[in-house]
Amino acid sequence: ENIEIQVDQLPGVSKNSIGIFGGIRLGLPIDIWSGENEASIANEIETIPPSNLFRLNRFLKKVLLVEADPPITDLKEKFSGKLFLRARISKLVSMGALDDAEELLTNANPSRDLILLDLWANVSFLTGRLDDFCGTVLKIHNRDMFPAYRVICLARSGDWNAAALTLATYSSMNKIDKSLEILLINYLDHEAELEIRNKELCLKDIPVLVYLCNFSGIKSDENTLPIEFLYDNLGRSKSLRARINASEELVRSGALNPNILFTNYKIKQASTSGGVWARVKQVQELENFFEVDLKNTETLSNHLNLMVKE
């Protein structure tokens, strides 16, 4: 008697359960996602619009970070077993919550899972924390990897000759755009100062391109870039005005702790009036009210009304 043997493809290990803290902190059950298809729930996350309410955005960020039982794996999907995780990381990035996105990625061990390499690259170039990412890039050989990654990482490792040779190889094989090649030449040789004729390349909201364009002295208009690009303005090397503006937007999106914003408000006295400095002055005056004249409710109420209008 012939016995028919059926062979099923075993799914890979799902990483969709990865999170930073348990759902119990938010009152969510551990099986909150387990009855959903990973593709369906990933699509739902992608379509969630930003809210005008800070607390709602803040709550969304916490939900995205929950560790819970994974949804049902969809074997038909390209990123099967990681689709829900990718959607959560992408949403965190779009909110500007790069530290949280980076922590999720770290927990997923992207150095051993190249399916996450593209997201890891974006977060690394947005934060400027490239060491771990480059360490992995230099160890792997992936034909689908964006050519600029290897060139940049070789240069950062100090192997400038290998970086130049790699760039020349990509160019001879027509695997790299001419404008991108010029950006990389400027990156490798700061004295080259080659003109970037196709400046539209620097208008794209692609982290590695913005990173390279900055090296070529082409600063992208921050008003045209998504909010995640404001993360770089939080650093102490940036002007206080830039840091406050970035902090305000990232607090509004739910990405940043409001305490960081109020710390920036209180760094120094407002130097001029209007715009961001008007808000700095109002916050500092409000703090003085709390310390000196908290019982004067009428003055306090008027001041709060002015701040809300601003």
Side-chain angles (χ1 to χ4, degrees), residues 20 85-86 89-90 92-167 169-170 175-177 179-190 192 196 201-202 204-220 222 225-238 242-243 246 250 255-256:
I20 295 176
L85 174 64
R86 285 181 59 89
I89 293 172
S90 296
L92 287 167
V93 170
S94 72
M95 296 170 68
L98 301 184
D99 293 335
D100 300 292
E102 186 177 52
E103 189 167 355
L104 274 188
L105 278 165
T106 300
N107 290 348
N109 198 358
S111 63
R112 292 182 175 273
D113 194 340
L114 300 185
I115 283 179
L116 299 172
L117 190 69
D118 59 330
L119 294 177
W120 195 16
N122 288 342
V123 171
S124 298
F125 281 103
L126 286 167
T127 61
R129 295 190 284 267
L130 288 159
D131 289 349
D132 291 341
F133 171 74
C134 279
T136 295
V137 165
L138 296 181
K139 292 176 183 176
I140 62 175
H141 296 280
N142 186 340
R143 286 182 293 180
D144 296 329
M145 184 170 60
F146 190 49
Y149 296 160
R150 186 171 296 279
V151 176
I152 292 170
C153 290
L154 282 168
R156 284 178 55 85
S157 73
D159 198 341
W160 297 93
N161 290 334
L165 179 60
T166 300
L167 176 57
T169 302
Y170 282 136
K175 287 190 174 183
I176 199 163
D177 177 82
S179 296
L180 177 57
E181 182 182 0
I182 292 173
L183 283 173
L184 287 166
I185 291 173
N186 286 343
Y187 180 80
L188 296 179
D189 182 359
H190 296 179
I196 311 298
L201 192 67
C202 296
K204 296 182 178 181
D205 54 352
I206 300 174
V208 64
L209 293 183
V210 174
Y211 176 86
L212 288 171
C213 289
N214 285 340
F215 266 91
S216 287
I218 305 174
K219 300 292 183 181
S220 301
E222 292 173 355
L225 290 173
I227 192 171
E228 58 263 32
F229 287 88
L230 289 177
Y231 181 94
D232 185 54
N233 285 352
L234 297 176
R236 292 188 177 183
S237 62
K238 302 297 182 179
R243 285 155 62 186
L250 290 168
L256 193 68

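We use all heavy atoms of the structure for the numbers below, so side chains are in, but hydrogens, waters and symmetry mates are not. Sequential numbering from 1 along the given sequence is applied to the chain's residues.
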Between atom [atom1] of [X] and atom [atom2] of [Y], what is the distance when rounded to the nearest 0.5 Å?
X    : Y    : atom1 : atom2 : value
T136 : M145 : OG1   : CE    : 10.0 Å
I227 : L98  : CD1   : CG    : 10.0 Å
I185 : L212 : CD1   : CG    : 12.0 Å
L105 : I89  : CG    : CD1   : 4.0 Å
S216 : I182 : OG    : CD1   : 9.0 Å
S179 : L209 : OG    : CG    : 10.0 Å

Give me the ring orientation class for Y187 and Y211: parallel if the planes are under 30° apart, tilted from 30 to 60°, perpendicular past 60°.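 Y187 and Y211: tilted rings.
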
Could you report the tightest heavy-atom contact between [X] and [Y], atom names first, then the distance?
X    : Y    : value
D205 : P207 : O-CD, 3.8 Å
A163 : A155 : CB-N, 3.8 Å
N233 : A242 : CB-O, 3.9 Å
A97  : A255 : N-CB, 3.5 Å

All pairs passing disulfide bond (SG atoms under 2.5 Å apart) where residues 119-152 contributes a residue, at least two apart: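 Only C134-C153 qualify under disulfide bond (SG atoms under 2.5 Å apart).
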
Are [X] and [Y] packed together at the side-chain level, in the sense that at least one heavy-atom pair is separated by less than 4.5 angstrom?
X    : Y    : result
F125 : I152 : yes
R243 : L234 : no
F229 : L126 : yes
L183 : L201 : yes
F133 : L117 : yes
T169 : K175 : no
N214 : V210 : yes

Pair listing, side chain to side chain donor-acceptor pair (under 3.5 Å) test, anchored in residues 115-128, at least two apart: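 Counting only pairs at least two positions apart or across chains, the side chain to side chain donor-acceptor pair (under 3.5 Å) contacts touching residues 115-128 are R86-D118.
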
Can you pull the side chain to side chain donor-acceptor pair (under 3.5 Å) pairs that have at least one residue in residues 96-110, sequence neighbours excluded?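 Qualifying pairs, neighbours excluded: K61-D100, D99-R129, D99-Y231, E102-R129, N109-S111.
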
Side chain to side chain contact (heavy atoms under 4.5 Å, CB included) between I176 and L184, intermediate numbers included: CA-CA 10 Å; I176 199 163; L184 287 166; 3.4 Å; yes

Backbone N/O of L154 and side chain of S157: donor-acceptor pair under 3.5 Å: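 Here the side-chain-to-backbone pair exists.
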
Output yes when a side-chain donor or acceptor of R150 lies under 3.5 Å from a complementary backbone atom of V137, and no otherwise.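 Yes.
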
Go through the steps to decide whether M95 and L250 satisfy the test side chain to side chain contact (heavy atoms under 4.5 Å, CB included), and finish with yes or no. CA-CA 7 Å; M95 296 170 68; L250 290 168; over 6 Å; no

